[in-house]
Protein chains: 2
Amino acid sequence: MNIGEIAKRAGVSRSTVSYALSGKRPVSEETRRKIQQVVDELGYRPSASARALANGRTSTIGLVFPPAGNHYTGMQLDFIGSVVEAAAAYDYDVLLSPSGVDSDRSFQRLLGERRVDGAILMEIRLEDDRVDHLAELDFPSVAIGRTAHPERGWWVGLDHTALAAACVHHLADLGHRRVAFVNRPEQLLRAGYESAHRGLDGFTKAAAERGLTVRTYCCGDDAASGQACVEQILRDDPATTALVTLNEAALGGLYRGLARAGRHVPRDFSVTGVVAGRWAETVTPQLTAADVPAEEMGRRAVDLLVERLDHSDAPPRHHLLTPPISLRASTGPAGVTPTADAGSGTTP
Amino acid sequence: MNIGEIAKRAGVSRSTVSYALSGKRPVSEETRRKIQQVVDELGYRPSASARALANGRTSTIGLVFPPAGNHYTGMQLDFIGSVVEAAAAYDYDVLLSPSGVDSDRSFQRLLGERRVDGAILMEIRLEDDRVDHLAELDFPSVAIGRTAHPERGWWVGLDHTALAAACVHHLADLGHRRVAFVNRPEQLLRAGYESAHRGLDGFTKAAAERGLTVRTYCCGDDAASGQACVEQILRDDPATTALVTLNEAALGGLYRGLARAGRHVPRDFSVTGVVAGRWAETVTPQLTAADVPAEEMGRRAVDLLVERLDHSDAPPRHHLLTPPISLRASTGPAGVTPTADAGSGTTP
DNA sequence: TAGCTTCGCCGAACCGGTTCGATGAAGTGA
DNA sequence: TCACTTCATCGAACCGGTTCGGCGAAGCTA
């Protein structure tokens with residue numbers, strides 16, 4: 001069923017069918033009804049490929065996935081969901097691009113083969129060749145995250161520096177003096193992941209400001225690593241009374257490690273960090289955290305991208321979000337300074 | 001940069017360029033090198049839209065999302081990830097289709113506008129109009145899940161009946177006599193979700209077989225609902241000593257509810273169910289569960305779909321998986337029968 | 001009633017690839 | 001030397017839409 005068939009059955013030319021359906025030129029009411037009738041009878045829908053070829057737009061946006069890391073975190077899930085939903089509202093489809101092992105290849109597919117009108121990038125690095133590359137090509141894209149040179153770009157980001165600092169201040173206000181920082185995996189830190197770097201930065205500076213004693217750790221994106229990380233923390237400094245985490249996937253493991261070590265949260269030990277709200281609520285006690293507004297970020301990224309697609313001359317825009325810390329139940333006042341032998345509390 | 005430009009610069013015709021690149025007809029080594037050189041210089045890649053139009057294939061598969069439910073669960077994330085990855089290995093892109101509120105519209109986009117060569121459906125219902133519809137059209141698709149009439153279809157499913165039954169037997173073997181069942185949200189059960197129905201079925205039958213006293217509940221897909229559900233369970237029958245859950249998203253809440261009620265897992269209360277392994281490990285104690293092999297299922301779904309796309313006359317195939325229960329730490333022998341007043345253990 | 005505008009529709013070209021049949025040059029055998 | 005095959009390449013048609021310029025009929029003005 002193509003447009004020619006419709007035209008034939010309606011007794012008009014192909015162009016008339018096209019205009020009747022698109023409304024880009026006036027068509028008499030009578031013909032339009034006749035055409036519509038045939039279209040409805042045959043359930044005709046114009047081919048996306050043909051349309052894309054003709055007018056040079058695919059009505060599809062690409063969602064480019066982490067170039068490192070082997071499985072996805074809950075936060076990414078929230079991004080994906082909200083991007084898909086927001087895109088649908090604008091009548092855009094979303095094409096997922098793994099850009100995993102073979103990053104360049106799928107990138108080439110998206111851009112080189114012109115499968116998408118624009119792209120949304122996730123898991124941004126401070127020096128991100130993908131962002132640079134797209135900027136050079138002037139290819140419409142919006143980053144979820146902020147590189148080291150964000151001035152002229154389109155992005156929606158989270159102020160990880162401020163958020164990590166807020167966590168530190170929150171803990172310091174509660175009287176904690178020895179605090180650990182649980183970052184994303186070392187591999188990602190080394191790769192230059194924005195959140196890992198800016199978060200670490202904010203943590204370190206704020207801790208120095210408040211005169212805290214700190215240690216920082218990298219931790220794999222899974223529960224087992226989280227548990228191991230806590231064990232390490234308590235071994236390195238048994239007097240630690242709180243931690244700040246950026247690592248959502250390890251959260252369950254962090255809690256487990258603390259429980260195993262006999263540290264009660266929040267009585268003996270406070271936990272906070274930067275985590276999507278939905279996941280902060282799954283742990284017990286619920287995590288006091290700066291809630292990553294993943295839903296809002298995804299939606300805004302799509303808004304920006306659509307704006308850029310509709311007005312190719314629009315000046316760069318961005319949103320930097322700084323959500324407040326949601327007080328839940330995982331932090332409390334630093335208690336009596338733990339006795340020196342408290343560190344031996346690992347279970348056999 | 002189109003194929004004509006390449007042809008001009010290489011001093012050959014457009015068709016020669018096409019053949020040189022596709023290899024579908026022999027081209028002299030000399031011309032092929034000349035063409036390749038021009039292609040490399042200009043970084044030319046053929047347009048996906050034009051190619052799709054010409055040969056009637058988009059090299060894209062659609063991943064159709066739940067028609068009900070407002071946010072995504074971790075299991076779905078695992079499916080998405082593995083599908084994208086497996087598809088990339090076959091050089092297919094993945095188009096996400098929310099099919100959320102306006103299910104028909106995005107479905108029409110995918111099929112009517114021929115944006116995809118085939119589709120993978122998630123969150124199958126026992127009577128699923130999407131599946132029926134696609135079967136009628138003879139549109140290549142694979143379901144992740146199994147309808148009430150799975151004989152002639154392509155799908156990869158989980159034997160929820162057997163898995164739920166296995167959970168029951170596991171608990172019964174441990175001596176539990178009063179067991180609750182925590183299902184997906186009522187809305188989904190009513191909509192006819194396969195896993196909810198088959199799981200409930202397997203649970204009920206196995207419990208009858210073992211002569212257990214049971215109660216079944218529906219529970220929202222979030223921690224708060226899980227907590228409320230446990231409270232309800234212990235109110236309805238304080239002597240309950242175990243539960244089986246299909247509801248991964250509520251898991252954290254279930255644990256919290258038990259802790260609040262003063263029930264220690266697994267000493268006082270056993271928890272098991274059907275949950276993706278990665279998520280079963282995030283809770284403490286780690287969940288003894290039938291691990292949903294989401295990664296394998298996604299991969300197999302893609303394998304089947306590609307097979308069907310390559311051989312349109314292939315007979316229907318499917319995989320029914322029955323992963324074993326992974327023994328972790330959330331179940332234990334039923335202890336002394338709880339005293340009658342144990343049910344009042346909710347915190348104020 | 002001639003001349004002008006407006007309206008509704010048509011035909012053709014175009015988007016950028018693929019594919020089929022044809023063509024001419026080179027190679028082979030009698 | 002001629003007929004026949006083989007090989008490399010070309011031109012044209014096609015996929016299914018969109019869009020532009022033009023044209024005839026109807027309506028309006030003088």
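Please read these numbers as outputs of a predicted model, since none were measured by experiment. Chain A is the first sequence line, chain B the second, and so forth, proteins listed ahead of strands; every chain is numbered from 1.
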Donor on one side chain, acceptor on other, A:Y19 and A:R14, under 3.5 Å: no
Summary of protein contacts for nucleotides 19-28 of chain C, nucleotide by nucleotide, where a base hit scores B, a sugar-phosphate-only hit scores S (4.0 Å, heavy atoms): BBBB------
d(CZ, B:R32; C1', D:dC7) in whole Å: 15 Å
Residue whose closest nucleotide on DNA chain C lies nearer the 5' end, A:V27 versus B:S47: A:V27
A:D117/A:T58 under side chain to side chain donor-acceptor pair (under 3.5 Å): CA gap, chis, key distance, verdict: CA-CA 6 Å; A:D117 296 336; A:T58 60; 3.0 Å; yes
Test item: B:E151 and B:H149 side chains (from C-beta on) under 4.5 Å apart, heavy atoms: yes
Modelled atom types, side-chain donor and acceptor of B:S15 and B:S18, under 3.5 Å: no
Distance, rounded to the nearest Å, where B:M1 contributes CE and C:dG17 contributes C1': 15 Å
d(CG, A:L53; P, C:dC15) in whole Å: 9 Å
A:M297 vs A:L321 side-chain heavy atoms within contact, under 4.5 Å: yes
Atom-to-atom span, OH of A:Y44 to P of D:dG16 - whole angstrom: 10 Å
Expected rows: protein N/O vs nucleotides 23-28 of chain D N/O, under 3.5 Å:
none

Min side-chain heavy-atom separation A:P140-A:L305 under 4.5 Å: yes
Integer-rounded Å distance: D:dC15 C1' and A:E5 CD: 15 Å
Rounded distance (Å) that lies between atom P of C:dC10 and atom NZ of A:K8: 15 Å
Polar side-chain atom of B:T16 near backbone of B:V12 as donor-acceptor pair, under 3.5 Å: no
A:D303 versus A:Y90, side-chain donor and acceptor atoms under 3.5 Å: yes
Touch class at under 4.0 angstrom, heavy-atom based, for A:R114 against every strand present: sugar-phosphate
Pairwise side-chain contact, A:I144 with A:I120, heavy-atom cut-off 4.5 Å (strictly under): yes
Any donor-acceptor pair under 3.5 Å from B:R114 side chain to A:R45 backbone: yes
Touch class at under 4.0 angstrom, heavy-atom based, for A:S49 against every strand present: nothing
Which residue lies more 5' along DNA chain D, comparing B:E29 with A:V17 via nearest heavy atoms: B:E29
Distance, rounded to the nearest Å, where A:R51 contributes CZ and C:dG17 contributes P: 21 Å
Worked check of salt bridge (charged side-chain N to carboxylate O under 4.0 Å, His left out) between B:R125 and B:E127: CA-CA 5 Å; B:R125 302 189 296 273; B:E127 304 292 338; over 6 Å; no
Rounded distance (Å) that lies between atom C1' of D:dG17 and atom CZ of B:R115: 13 Å
End axis versus end axis in the helix from C:dT1-D:dA30 to C:dA30-D:dT1, the angle rounded to 10°, five pairs used at each terminus: 50°
A:S49 side chain to A:S47 backbone, donor-acceptor under 3.5 Å: no
